[in-house]
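Working notes for the structure below.
Residue numbering restarts at 1 for every chain, and letters A, B, ... go by the order of the sequence lines.
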Amino acid sequence: MATTDGVANIPLVVIVGPTASGKSGLAVRLAKQVGGEIISADSRSVYRGLSIGTAKASPEDLRKVPHWGIDLVEPDERFSAADFQKYAFGKIAEIRSRGKIPILAGGTGLYIDSVIYNFSFSGKDVDFETREFLTNQSIDWLHTYCYKHHIKLPENHLNKRYVVNNIIHANSSNSIRESKPDNTIVVGIITENSNLEYKINTRIDQMFANGVVEEAEMMAKAYGWGCEAMTGNVYRIIRRYLADELDLDEAKRLCVVKDKQLAKRQMTWFKRNRDIKWFDLEGAYTFLVHELGVTPKK
RNA sequence: GCCGGAGUCGUCUAGUGGCAAUGACAGGAGACUGUAAAUCUCCCCCUUUUUAGGUUCGUAGGUUCGAGUCCUACCUCCGGCA
């Protein structure tokens, strides 16, 4: 059934949800069942070398199903939402051309939305010096600069990063949000609070057992604690643990807290998206298999 | 048992006798189209919609126009001596 028409009609499956909700597991299971390939929409997984602390897909999963969006750049490189979007668009087309179903799965809401709503990132990234310079100015300075140059302030005008972004991308109109294409199925994993806390807890324990601390130490030695990839939740805490500011239990506890806070922010992002159909893991699986069953894949 | 020191919002913490009382963390609600696991905003004793009202600083009294702050007793905790 790999006619040109059929290929174009292959749906894009999108799986979102808070961290530790079981997205990846579901994606793998689904991919095996329906013949899919997974694109990870995760702002940490794009960095090489950091596997344990970012809960990247396991080697077994990687063997079972093709995964994309992992280990794309060096830990000290920059990777923007625009970069991700470009990459994802390319991969989606590629996977479809193979007659497979692309499954976009992850917890980085900005990445997900940039793909399903076709965000327009016009223009190019600006050199670091400009960004650096602007970032070093006071918020008042930035405000008057915007005023003088007729640049509109973001709604959250006290957020320096947003103001700087507005200045940098001042002459590229990029706030057009298209509506979701029909052949895109977006599913959200809903998780009971207590259950999610349990999952986060066990995952953090697992990370430490698997040697996150050593991983962090190695990466810090090679790239420094300040590099992009190390902004992940657990690494900042491990740094303090290694500096003897925290004992092991305290470090683990803080990691759990960080993850819970992340999960909350992720849900705040996803909650407002009315295109998401919410299910528990099992419900999502049966729904998706059913939806995809009617497509000309077999 | 005696001598010191301490008891403040879930936790830690600030508090010259004079506005529910500082800061941090945790928690809650949000924002977010180029760092997003980032960054930022608001709420956070109780009631009500409020610039309103009520009840607070271990407990009970007292001094004072006024007490978290001073005095007394008691309770609890931590040091030192026993």
Side-chain angles (χ1 to χ4, degrees), chain A residues 16-21 23 40-47 50-56 73 75-88 106-128 130-132 134-135 139 142 152-178 193 197 200 203-204 207 212 216 226-238 240 245-246 250 253-273:
Chain A
V16 303
T19 189
S21 61
K23 300 180 295 286
S40 154
D42 186 307
S43 68
R44 296 302 104 187
S45 295
V46 299
Y47 293 110
L50 301 152
S51 305
I52 303 165
T54 56
K56 257 182 216 167
V73 295
D76 55 353
E77 275 182 80
R78 292 267 177 162
F79 194 81
S80 71
D83 295 329
F84 178 81
Q85 187 201 40
K86 200 170 142 209
Y87 175 86
T108 304
L110 178 62
Y111 285 13
I112 299 273
D113 285 1
S114 77
V115 171
I116 61 183
Y117 300 112
N118 193 23
F119 283 2
S120 53
F121 297 117
S122 49
K124 47 188 173 313
D125 253 337
V126 156
D127 57 298
F128 291 122
T130 310
R131 190 184 283 275
E132 188 79 27
L134 290 170
T135 305
I139 196 82
L142 293 169
K152 70 171 196 302
L153 290 174
E155 183 177 323
N156 203 338
H157 63 277
L158 292 178
N159 191 334
K160 218 174 187 181
R161 287 189 182 176
Y162 292 2
V163 178
V164 168
N165 272 338
N166 269 24
I167 293 172
I168 288 174
H169 302 291
N171 37 16
S172 50
S173 65
N174 57 2
S175 54
I176 309 120
R177 175 180 282 239
E178 294 180 7
N193 248 332
E197 185 164 350
I200 289 174
R203 195 174 72 176
I204 294 291
M207 278 182 189
V212 240
C227 74
E228 286 308 305
M230 301 288 261
T231 59
N233 271 353
V234 301
Y235 299 108
R236 292 171 168 187
I237 293 162
I238 290 172
R240 295 174 57 199
E245 285 172 41
L246 307 166
E250 188 65 4
R253 217 203 84 231
L254 288 179
C255 285
V256 170
V257 165
K258 271 288 174 200
D259 264 4
K260 272 163 52 183
Q261 291 171 338
L262 168 64
K264 218 166 109 41
R265 259 178 293 129
Q266 289 174 311
M267 285 309 290
T268 301
W269 180 286
F270 293 131
K271 258 191 288 187
R272 67 178 176 178
N273 186 337

Atom-to-atom span, CG of L110(A) to P of C40(B) - whole angstrom: 17 Å
Under 3.5 Å on both distances, the Watson-Crick or G-U partner of U49(B): none
Whole-angstrom distance between G68(B) and A20(B), as gauged at atom C1': 11 Å
Distance below 4.0 Å between K271(A) side-chain N/O and G30(B) OP1 or OP2: yes
Rounded interatomic separation in angstrom, taking CG from N193(A) and C1' from G27(B): 12 Å
Gap in Å between the two C1' atoms, one belonging to U55(B) and one to U8(B), rounded: 15 Å
Sugar-phosphate only, base, or nothing, as touched by D42(A) at under 4.0 Å among non-hydrogen atoms: base
N or O in side chain of Y111(A) less than 4.0 angstrom from A36(B) OP1/OP2: yes
G30(B) OP1/OP2 closer than 4.0 Å to side-chain N/O of K264(A): no
Sugar-phosphate, base or nothing in reach of T54(A), heavy atoms under 4.0 Å: base
Distance test, side-chain N/O of N233(A) to OP1/OP2 of A38(B), below 4.0 Å: yes
Sugar-phosphate, base or nothing in reach of K86(A), heavy atoms under 4.0 Å: nothing
Atom P, compared across A60(B) and U76(B): separation rounded to whole Å: 16 Å
Gap in Å between the two C1' atoms, one belonging to A21(B) and one to C71(B), rounded: 23 Å
Sugar-phosphate only, base, or nothing, as touched by N165(A) at under 4.0 Å among non-hydrogen atoms: sugar-phosphate
Contact nearer the 5' end of RNA chain B, comparing E155(A) with K258(A): E155(A)
Watson-Crick or G-U wobble mate for U56(B), both contacts under 3.5 Å: none
Side-chain N,O (T108(A)) to OP1/OP2 (A37(B)) below 4.0 Å: yes
Spacing of the C1' atoms in C9(B) and G4(B) (rounded, Å): 30 Å
Separation between the C1' atoms of C46(B) and A37(B), rounded to whole Å: 37 Å
Counter-base of U39(B), judged by Watson-Crick or G-U geometry with both distances under 3.5 Å: A31(B)
Candidates G30(B), A36(B), U33(B) - which lies nearest the side chain of N156(A): G30(B)
Q266(A) vs A36(B): side-chain N/O to OP1/OP2 distance below 4.0 Å: no
U69(B) - base-pair partner by Watson-Crick or wobble geometry, distances under 3.5 Å: none
Span that lies between the P atom of U56(B) and that of A6(B), in whole angstrom: 25 Å
Among U35(B), A26(B), U41(B), the one nearest L158(A) by side-chain distance: U41(B)
Phosphate-side-chain proximity, Q261(A) and G27(B), N/O vs OP1/OP2 below 4.0 Å: yes
Watson-Crick or G-U counterpart of C77(B), or none if no pair lies under 3.5 Å: G5(B)
U35(B) phosphate, OP1 or OP2, under 4.0 Å from R131(A) side-chain N/O: yes
A38(B) and C32(B), which share atom name C1', separated by this distance in whole Å: 11 Å
Phosphate OP1/OP2 of A38(B) contacted by R265(A) side-chain N/O (<4.0 Å): yes
Short side-chain N/O contact to U41(B) OP1/OP2 from N159(A), under 4.0 Å: no
Sugar-phosphate only, base, or nothing, as touched by F79(A) at under 4.0 Å among non-hydrogen atoms: sugar-phosphate
